[in-house]
Amino acid sequence: MLHHASFGVGNIERAARFYDAALGALGYIRVWEDLRPGEVGQAVGYGVPGGGDKLALKSVEAGQGAPGAGFHLAFAAPDRQSVIAFYAAALANGGVDNGAPGLRQHYGPNYFAAFVIDPDGYRVEAVFNQAE
């Protein structure tokens, strides 16, 4: 149903470092960028190698914050180890813990996920939902 999602970020370089590391742990890469230091309207896009973007980060004016606690975006992980690596990379690059890696059996018997809040306040998750 969704083509892509966009997040408005206050500092594009900081956000790109965070998502390069966190999404890289899941096998996603920066598929395009429009970075012009010091200029407005900069952006980067993330997706699978050889594909289009599924997440775009766009620089916005300060004070245009992330949505509240009712919104989050979940990224598919290829395995449980990738969920753990996502969590570690996110925390090492300015993310805040919002739920350590582990089974969330109230979502299903194989739902293994980790939750973080990115440097701009967006709630993001990595999930692997298959038997291992």
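Positions are given from 1, in the same order as the sequence printed here.
No side-chain heavy atom of Val127 sits under 4.5 Å from any side-chain heavy atom of Val83. The shortest side-chain heavy-atom distance between Val116 and Phe18 falls under the 4.5 Å cut-off. With contacts defined as side-chain heavy-atom distances shorter than 4.5 Å, the pair Lys58/Val9 does not qualify. At least one side-chain heavy atom of Val31 sits under 4.5 Å from a side-chain heavy atom of Ile29. A 4.5 Å side-chain heavy-atom check between Val44 and Asp34 finds every atom pair outside the cut-off. Under the 4.5 Å side-chain criterion, counting only non-hydrogen atoms from C-beta, Leu73 is not in contact with Glu125. For the pair Phe75/Val124, a side-chain contact is recorded, criterion being any heavy-atom separation below 4.5 Å from C-beta on.
A distance-only check finds no donor-acceptor pair linking the side chain of Arg104 to the backbone of Asn110 [under 3.5 Å]. Checked by atom type and distance alone, the side chain of Gln42 pairs as donor or acceptor with a backbone atom of Glu39 at under 3.5 Å.
For the atom pair CG (Leu23) and OH (Tyr28), the distance works out to 8.0 Å, reported to the nearest 0.5 Å. Rounding to the nearest 0.5 angstrom, the gap separating the CG atom in Asp53 from the CZ atom in Arg30 is 12.5 Å.
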Go through the steps to decide whether Tyr122 and Phe7 satisfy the test ring-ring contact (aromatic ring centres under 6.0 Å, His included), and finish with yes or no. CA-CA 8 Å; Tyr122 290 97; Phe7 287 175; 3.9 Å; yes

Please lay out, stage by stage, how Leu35 and Ile12 fare under the test side-chain contact (heavy atoms from CB on, under 4.5 Å). CA-CA 8 Å; Leu35 295 175; Ile12 192 74; 3.8 Å; yes

Walk me through whether Asp120 and Arg14 qualify under salt bridge (Lys or Arg N to Asp or Glu O under 4.0 Å). CA-CA 9 Å; Asp120 286 281; Arg14 177 187 69 193; 3.1 Å; yes

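Using modelled atom types, one finds a donor on one side chain and an acceptor on the other under 3.5 Å when comparing Tyr19 with Asp118. Under 3.5 Å, the side chains of Asp97 and Tyr87 contain a donor-acceptor pair of N or O atoms.
Closest approach of Ala77 to Ser82, counting heavy atoms only: CB-CB, 4.3 Å. For the residue pair Leu103 and Pro109, the shortest heavy atom distance occurs at CD2-O, 3.9 Å. Counting all heavy atoms, side chain and backbone alike, Gly41 lies closest to Ser59 at N-OG, 3.5 Å. Of all non-hydrogen atoms in Leu55 and His4, the two that sit nearest each other are N-CB, 4.5 Å. Closest non-hydrogen pair, Phe86 versus Ala25, comes out as N-CB, 3.5 Å. The two residues Ile84 and Pro101 make their nearest non-hydrogen contact at CG1-CB, 3.9 Å.
Cluster annotation: Leu57 and Ile117 are assigned to distinct hydrophobic clusters (Ile/Leu/Val/Met/Phe/Trp/Tyr, side-chain heavy-atom contacts under 4.5 Å, transitive).
Here Phe112 and Phe128 keep their ring centres 6.0 angstrom or further from each other.
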